Amino acid sequence: MVKKFYITTPLYYVNASPHIGHSYTTIAADCLARYMRQAIGKDNVWLLTGTDEHGQKIERAAQAEGLNPKEFVDATAVQFKELWKALNIFYNDFIRTTEERHVKTVQRVLEILFEKGQIYPAKYEGWYCTPCETFWMQTQLKDLTCPDCSRSLEKISETNYFFRLSEHQDWLMKYISAHPDFIKPSSRYEEMARFLELNKLEDLCISRPKERMGWGIPLPFSPDHVTYVWFDALINYISAVGSFDDKGKYESQWWPADLHLIGKDILRQHAVYWPIMLYALGLELPKTIFAHGWWMIGQDKMSKSRGNVVNPIDMVNKFGVETYRYFLLRDVPFGLDGSFSEESIIKRFNGDLANDLGNLVYRTLTMIEKYFDGNIPERGVFVKGKQAELIEEKINLINKNGIGLSPSVITDCNFSAALKEVWEIINMANKYIEDTKPWNLIKENKTDELKGFILVLVDAIREVAIQIHSFMPQTSESIIEQLGKDKIKKGKPLFPRIV
RNA sequence: CGCGGGGUGGAGCAGCCUGGUAGCUCGCAAGGCUCAUAACCUUGAGGUCGUGCGUUCAAAUCGCACCCCCGCAACCA
């Protein structure tokens, strides 16, 4: 097991309010971080999230609301923080790209790379749509009109700064083929490996002239330019957890990251640009980059233009945090796309949470109440049936592999499979009750058997509560509490069925 | 055109790499039970595994060809 675990979410771009996609990545990261805190100690885990706040899109979004960019991002960043609170996200740090610590590091990185000759100025030629304020590459165009607004484009040529991506292709390809865990899941790994095989990397334009786009970090060696997107945003992963000294040496107790969780849309930036930037700086590469899938809304892609964006807060208000977290992590294997609908949330809720888990807890507590006056029977040597042994075996097995997530499950972020494992205990327990028929035991005065039976259930439920802690912290705690130490504190059903 | 993913009982998926009684969840039907949130447990119905050809004693699984769906433009996890 690793000694420290540094996990990140992407920096969310704050040109609009957070949606379920943002919450998905962050909940997954929170779940892993919670799991790892239990496994290796809370001081050894660092979960970083934050917001990406520069760029033209934000400049324009701010304008649309009649705010200056800073006012605008301040307001949106708060929305993200509030959402994380509502979703019970426990992060160690929240970095904003407008913060001084970040700006300084970005400029330092630019400086170092410029001195090393990794960044160079060159004339940049392309087609510009003035009304849209958008720059188009030749390859994006069918004719000389703007793909967005169809107005005619203007050819402009300006000096910009470029990062020498192209000269790094060889070692990156070798690195990737030597590190099968670098990009996950494996389908994405193949995708990237093939991309590098089939395409030649071109140097990356990393600047914009200030007069055209002012809301960004100025290049230290050319104050008339600001950095452009990725050179700003990606650096947060190091700017938040360390700094460069005068000699350009980076110091950090957390770097390299153990896991960058990202959506599949930004895989190339993380799997190609970012490693090359780090390599050029002489820094270690992250251990693993995991690209998860997207939530579709029914069959459709979620997008602002379609107007089908789902607000996580609405879902939380409707179904509760715990259900929302459970649904996202359970319904679809991490890595694949999922189909989001209230209907499927309700299905999961009624099936897994109300009928299986909630009802198991409730019926067990009721039996303890009725048969033992609310006292959990004392431990003793009781005759165990075969089923009881199977349940105990299962519990031990899962315990041995570490809090319900076997090592492969954790490294492959297979939340869904982990929960399935846990639910097997639940199903076994429900079946065990059915087969043991405690209502007959009580009639026949078989108290010892009844005690043994209840203890098996109590153990099973405790185990389940521990297992689900990273996924549904509140539910876990509530179950432990209701079970009490010796005397139960039965409450209302955990998940009252939605009719 | 090309690239990637996919087509398995009503729905969603696993199985395919390493050929050999087609499995899971939900839904549906019948039954059982009463500790429980009309919940839980059991059983059952329902599939030419996209199409065709080939390899093989044997193909959902391997090979070839074809058909259909999704993504490969932008905002964005």
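What you are looking at is a predicted structure, and each value in this text was computed from that prediction instead of being measured. All chains are named by letter (A, B, ...) in the order of the sequence lines, taking the proteins before the strands, and each is independently numbered beginning at 1.
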Under 4.0 Å, counting only non-hydrogen atoms across every strand here, what does [X] touch: a base, just sugar-phosphate, or nothing?
X        : result
A:Asn350 : nothing
A:Pro10  : sugar-phosphate
A:Tyr362 : base
A:Ile20  : nothing
A:Asn430 : sugar-phosphate
A:Lys420 : nothing
A:Gly358 : base
A:Leu494 : base
A:Tyr371 : sugar-phosphate
A:Gly263 : sugar-phosphate

Practice item. For the side chain of A:Asp435, starting at C-beta, report the closest nucleotide among B:rC41, B:rC35, B:rU34. Key: B:rC41
**Study point:** Candidates B:rC26, B:rC76, B:rC75 - which lies nearest the side chain of A:His22
**Key:** B:rC76
Check your understanding: Will you find, in the side chains of A:His260 and A:Trp274, an N or O donor that is under 3.5 Å from an N or O acceptor?
Key -> yes
Point to revise | Residues A:Asn160 and A:Arg208: side-chain donor-acceptor under 3.5 angstrom | key: no
Exercise for review: Would you check if A:Trp439 stacks with the base of B:rC35, given a 5.5 Å centroid limit and a 30° plane limit, both strict?
Suggested key: yes
Review point. Does A:Leu261 or A:Ile426 map to a spot on RNA chain B nearer the 5' end, using the closest nucleotide for each?
Key: A:Ile426
Exercise for review: For A:Asp356 and for A:Lys437, find the nucleotide of RNA chain B with the closest heavy atom, then tell me which residue's nucleotide is more 5'.
Suggested key: A:Lys437
Study note, to complete from the structure: Applying the 3.5 Å cut-off to both distances, the Watson-Crick or G-U partner of B:rA29 turns out to be B:rU43
Exercise for review: Would you mind telling me which of A:Asp232, A:Asp74, A:Asp52 makes a salt bridge (charged side-chain N to carboxylate O under 4.0 Å, His left out) with A:Arg96?
Suggested key: A:Asp74
Check your understanding: What integer number of Å spans the P atoms of B:rA65 and B:rC28?
Key -> 44 Å
Exercise for review: Take atom NZ of A:Lys492 and atom P of B:rU37, then tell me their distance rounded to the nearest Å.
Suggested key: 14 Å
Exercise for review: Would you indicate whether the side-chain heavy atoms of A:Asp258 and A:Thr288 approach each other to under 4.5 Å?
Suggested key: no
Check your understanding: Distance check: side-chain N/O of A:Asn355 vs OP1/OP2 of B:rC40, anything under 4.0 Å?
Key -> yes
